[in-house]
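Below, chain A is the first sequence line, B the second, and so on; all start at residue 1. Worth saying up front: this structure is predicted, and the values here are computed from it rather than measured.
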There are 2 protein chains.
Amino acid sequence: MSVIRGARERARIEVTAAIKEEARRQLAAEGASRLSLRAVARELGMVSSALYRYFPSRDELLTALIIDAYDAMGAEAEAALARTAGDAPHARWVAVCRSVRDWALARPHEYALIYGSPVPGYIAPMDTVGPASRVPLTLVAVVREAHAAGTLGPPPGSPLAAPVRADAARLAAELGPELPIPVVAALVGSWAQLFGLLSFELFGQFNRVVEARGAFFDQAVGALAGQVGLSPAAVLPAE
Amino acid sequence: MSVIRGARERARIEVTAAIKEEARRQLAAEGASRLSLRAVARELGMVSSALYRYFPSRDELLTALIIDAYDAMGAEAEAALARTAGDAPHARWVAVCRSVRDWALARPHEYALIYGSPVPGYIAPMDTVGPASRVPLTLVAVVREAHAAGTLGPPPGSPLAAPVRADAARLAAELGPELPIPVVAALVGSWAQLFGLLSFELFGQFNRVVEARGAFFDQAVGALAGQVGLSPAAVLPAE
DNA sequence: CAACAATGAGAGCACCGCTCTTGTTTTTTC
DNA sequence: GAAAAAACAAGAGCGGTGCTCTCATTGTTG
């Protein structure tokens, strides 16, 4: 399947990669709305119409960049999870969140591409949902491990309204049937709130408000962990 | 100061308003990145160059829309606060959050304008910070009232790291010197997290994940209230 | 009334996304 | 190995964009 068949196919892969690379460079320099196919082509020494052999439209190029960004961020989160194997769940939660933040701080424009305003009229194709769910699935993995170890406390807060419980139950069936329903509901909220913190920091809302951004982030995601039932003290029991 | 001096000045105010109105219509129809000065001018029966007498650039038009949007959202939040005078702080908190959500759901593109990816290269001018702070100040008002009434519990979570405490202390001096520092820190986090919930809902991240969006939002902002020390049970004491 | 500043109209510049046609090169098929 | 098919690059061109410039007109003010 991944066998490269000939010079043409090899060239196509290389050119496609070069286009995305140059597009990412322009993204970082100018932002998504100023990404120009003509400029990308010019920089690559080709004519603009040639670029349409590789991406049928500007939106398709953006979609490819979106998928790449989701994948890169997800890989970062998964790497953080793997790196902290054996640590306490609360610490792993914080580590995963931090890795996401580090990735976003290094590539703010790619972050904006996936968590900023959606391009108008643009419906995210199904190809994006897999890559997009890698970060939340990583957070779920942390919680499942804590639950398996018996260190997961009940999430604080009022009991769930019926429709929320229904949503959470459906999600639990997909993500971790053994998890208590309120934990799943709290997880979804924490997931959104994590990116609220990131977006505010990256989009400038914290300017002149929060200066110690890293410390503040750690504090906030620690609190988020508490919201899903992960307590700082709990440690994985030795086998 | 606000006396209208002549026909010319009156016309200028009307034309400026008409331009913004038409621009908002296009914003709703096409999104910020497809907002076109020429199309606005065309719809208004003027030539595109005439529009530059009113806004020196497309970005300036966007800035005006941004300020209007912040102001409208802030007014909505303040109205919700006024409407619930005398209610328990926890209920007022939820009411303010709901009013912000309702405003955003009715004008998703204006929401995206102020809480989505910033226009690249675009630095928010100082004019925006006043209108932008109306919503957070409304949330602060709820918490201050609860504190004055003595119903504000200590926010849960680990003690604050020194730099976070310093930021929060500086903010407390501006926003409410009587408030405990950890409450101020939790407030900033809740503020960001509130818009995380909103952005995920509005930008499509909850598609196929959360269906009962209103109920879920209420649940989540209720938990957010708990994070700043507002408990559902506490009621304002009768005078 | 005259001088002035604000406004509108039009042409034009450089750029954009995208399409179509033309000629070339690689791959596939017989 | 030659012919047919597919992939590709290049160029011209269409209708659109933000923005600037010039020039005539119109309301304001001394």
Sugar-phosphate only, base, or nothing, as touched by [X] at under 4.0 Å among non-hydrogen atoms:
{"X": "A:S48", "value": "base"}
{"X": "B:L35", "value": "sugar-phosphate"}
{"X": "A:F55", "value": "nothing"}
{"X": "A:S36", "value": "sugar-phosphate"}

Review point. What's the verdict on side-chain hydrogen bond (donor to acceptor under 3.5 Å, both in side chains) for A:S133 and A:Y70, showing C-alpha distance, side-chain angles and the deciding distance?
Key: CA-CA 8 Å; A:S133 52; A:Y70 273 129; over 6 Å; no

Polar atom pairs (N or O), protein with nucleotides 22-26 of chain D, under 3.5 Å:
{"from": "D:dT26", "atom 1": "O2", "to": "B:R8", "atom 2": "NH2", "distance (Å)": "3.2"}

**Study point:** Length of the line joining A:E14:CD and D:dA9:C1', which is rounded to integer Å
**Key:**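 Distance check: A:E14 CD to D:dA9 C1' gives 17 Å.
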
Exercise for review: To the nearest Å, give me how far apart CZ (B:R10) and P (D:dT28) are.
Suggested key: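 Taking CZ of B:R10 and P of D:dT28, I get 10 Å after rounding.
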
**Study point:** Residue whose closest nucleotide on DNA chain D lies nearer the 5' end, B:A39 versus A:S49
**Key:**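 Closer to the 5' end of DNA chain D: A:S49.
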
Practice item. Could you please name the option among D:dA10, C:dC15, C:dG8 that lies closest to any side-chain atom of A:R42? Key: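 Shortest atom-to-atom distance from the side chain points to C:dC15.
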
Point to revise | Nearest to side-chain heavy atoms of B:R12, which nucleotide of C:dC15, C:dT7, D:dC19 | key: C:dT7

Check your understanding: So does B:R12 pair up with B:E9, basic N to acidic O under 4.0 Å?
Key ->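 Salt bridge: no.
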
Point to revise | Cationic N near anionic O, under 4.0 Å, A:E43 to A:R25 | key: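 Judged by the 4.0 Å cut-off on N to carboxylate O distance, A:E43 and A:R25 do not form a salt bridge.
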
Review point. Who pairs with A:F217 by ring pair (Phe, Tyr, Trp, His ring centres under 6.0 Å), at least two apart in sequence or on another chain?
Key: none

Check your understanding: Can you tell me if the side-chain N/O atoms of B:Y52 get under 4.0 Å from OP1 or OP2 in C:dT7?
Key -> no

Practice item. Classify the side-chain pair B:S117/A:Y111 by whether it contains a donor and acceptor separated by less than 3.5 Å. Key: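 Per modelled atom types, B:S117 and A:Y111 side chains form no pair under 3.5 Å.
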
Review point. Taking N and O atoms by type only, does the side chain of B:R38 place a donor or acceptor under 3.5 Å from a partner on the base of D:dG16?
Key: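 No.
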
